[in-house]
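First up is the structure itself, then whatever we jot down about it.
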Number of protein chains: 2
Amino acid sequence: MMKLVPIAPLDTDPVPDLCRACKARNRGICGALNASQLSELTRRAHRQVVEPGKTLLDAEQPTSNYSNVLAGVVKLSKMLPDGRQQIVGLQFAPDFVGRPFSPESSLKAEAVTSTVLCTFPRQLLERMISESPELEHKLYLQALDELDDARDLLLTLGRKTARERVATFLLMIARHSPHADGNDEGGTGFELPLTRAEIADFLGLTIETVSRQLTKLKGSDVIRVEQNRRIRVPDMELLEAETGD
Amino acid sequence: MMKLVPIAPLDTDPVPDLCRACKARNRGICGALNASQLSELTRRAHRQVVEPGKTLLDAEQPTSNYSNVLAGVVKLSKMLPDGRQQIVGLQFAPDFVGRPFSPESSLKAEAVTSTVLCTFPRQLLERMISESPELEHKLYLQALDELDDARDLLLTLGRKTARERVATFLLMIARHSPHADGNDEGGTGFELPLTRAEIADFLGLTIETVSRQLTKLKGSDVIRVEQNRRIRVPDMELLEAETGD
DNA sequence: TTGCCGCGTTGATCAGGATCAAGCCCCCCT
DNA sequence: AGGGGGGCTTGATCCTGATCAACGCGGCAA
């Protein structure tokens, strides 16, 4: 079930406003907007809470909306005609999701977890970009970061073993985890936002291989699996040593 | 042996000037510069002809120069500590090579073929970016294109078979070939800019597998191997059908 | 001429991960 | 309580691509 609520104007919003938080922390696209742009965005954007599986962008049909991730995780994936699938990127708050200057994006964006989004019309964004070099600069920086991420993943898919891939993935999630608890009860704990099937699609493996490698990492005392989705890493350096880099 | 010659001022250059051609065709970074920026770039940039293997950017040492590819092919690669290597991108003319806003790039850029470059100081570029939104826009567009390329390659590495990978690669090269001759003597012919080892590093395969798959594609009459590096594709649609997408 | 080296091919064998198959656990629905 | 489905694990077997090894070819230097 998806909720669509206009984002309250900045000055009058009675509840903690994620978008304002974004602006204050200079994150997301809001961070790059001037007062009048921000007020226009605030009027025309919607705060959206979507459940896992909800599609934000689709390679097939043109989408007229872009989003900023305010909380949660979004996956970007590509599919072959015969159904084989590859996740080519994960977006965390406060990433921007969209492909400016191109009518259709060739990839699908889908909520992985329950996700809070700030959604706005594509054309509004593109107009704002043309008005605001600072906004474009911000988006450029994010694109460069995504490029770095994609290329790291290329190295992982092209040259790492299954065990190294899984370790690399766990490390990445650990580093993105907001509340990766410190060293209470030994080590760092975090929640996996993806199912095993999604991890497999991200790492270019099968679900069985992912499962087996997790079991083996557990056997080597690199990780503990507290629940299916809850992982604990007693010693982060041990995990890093498993990534191959 | 590398040659370093200042780029001649636009109006006085007696020989065909690749940089001017760039500007005229609105390609490369020159296409986005105003007259005074262009003249400064012309003064401070160097036209460089480098041989295969020459390193332009290195993950290890900080480089103070960026380049535009004017002719030839440049590979971007990442390496694991144990020596495993992955090519994460290929740059063709008139691509920009460099990673603005980040002191070191985590990847290595190396000439694949004999290559003509327009090379200029990193700091000059970054200053020009700050002065010229149009330049940044151009670079942003290239970054988005590179991101699309990287994600296509992710799908290839994560989910395609060896045969599909090789076919995908051949198709990509065919499409980038400037003088892919039409249908004289049947089909399209082109030159592979990469060695078998480089193709393997690009596709996440071994050299032997690449060789075998080429042999098999030849056996299926999808390609003809005229010399080691010279390929002919009798029917492009047959090749496309082999790529998996 | 000889020898060597870089590049590519081909063959034989190996092994890592895919595939096929079964079963567990948990939750939800009836 | 029963049934079903999604998510996950584990076992057995298969197969694609890696590895190991040998060889051909062409260029080049001694």
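Every chain is numbered from 1, with letters handed out A, B, ... down the list of sequences. Quantities reported herein were computed from a predicted structural model and do not represent experimental measurements.
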Just the rounded figure in Å: distance from [atom2] of [N] to [atom1] of [X].
X: A:R196; N: C:dC25; atom1: CZ; atom2: C1'; value: 13 Å
X: A:Q213; N: C:dG17; atom1: CD; atom2: P; value: 6 Å
X: A:N228; N: C:dC27; atom1: CG; atom2: P; value: 11 Å
X: A:I207; N: C:dA22; atom1: CD1; atom2: C1'; value: 15 Å
X: A:R84; N: D:dT16; atom1: CZ; atom2: C1'; value: 13 Å
X: B:I199; N: C:dC7; atom1: CD1; atom2: P; value: 13 Å
X: A:K216; N: C:dG17; atom1: NZ; atom2: P; value: 8 Å
X: A:K160; N: C:dG16; atom1: NZ; atom2: P; value: 18 Å

Check your understanding: What nucleic acid atoms does B:L214 come within less than 4.0 Å of, heavy atoms only: base, sugar-phosphate, or nothing?
Key -> nothing
Check your understanding: At under 4.0 Å between heavy atoms, what does B:L205 touch on the DNA or RNA strands: base, sugar-phosphate, or nothing?
Key -> sugar-phosphate
Practice item. Would you indicate, yes or no, if C:dG8 has its OP1 or OP2 atom less than 4.0 angstrom from a side-chain nitrogen or oxygen of B:R229? Key: yes
Review point. For the residue pair B:T115 and B:V73, what are the closest heavy atoms and their distance?
Key: OG1-O, 3.5 Å
Point to revise | Under 3.5 Å: donor-acceptor pair, side chain of B:Q213, backbone of B:V210 | key: no
**Study point:** Comparing A:R159 and A:K218 on DNA chain D - which has the more 5′ nearest nucleotide
**Key:** A:K218
Strictly by modelled atom types, are [X] and [Y] linked by a side-chain donor-acceptor pair under 3.5 Å?
X: B:K78; Y: B:S106; result: yes
X: B:T243; Y: B:T168; result: no
X: A:S220; Y: A:R163; result: yes
X: B:E110; Y: B:T55; result: no

Review point. Parallel under 30°, tilted from 30 to 60°, perpendicular over 60°: which one fits the rings of A:Y66 and A:F96?
Key: perpendicular
Practice item. Report the nucleotide, chosen from C:dG17, C:dG8, C:dT10, that has the shortest atom-to-atom distance to any side-chain atom of B:T215. Key: C:dT10
Exercise for review: Report, as a single string ordered 5' to 3', how protein heavy atoms within less than 4.0 Å touch nucleotides 19-24 of chain D: B base, S sugar-phosphate only, - not at all.
Suggested key: BB----
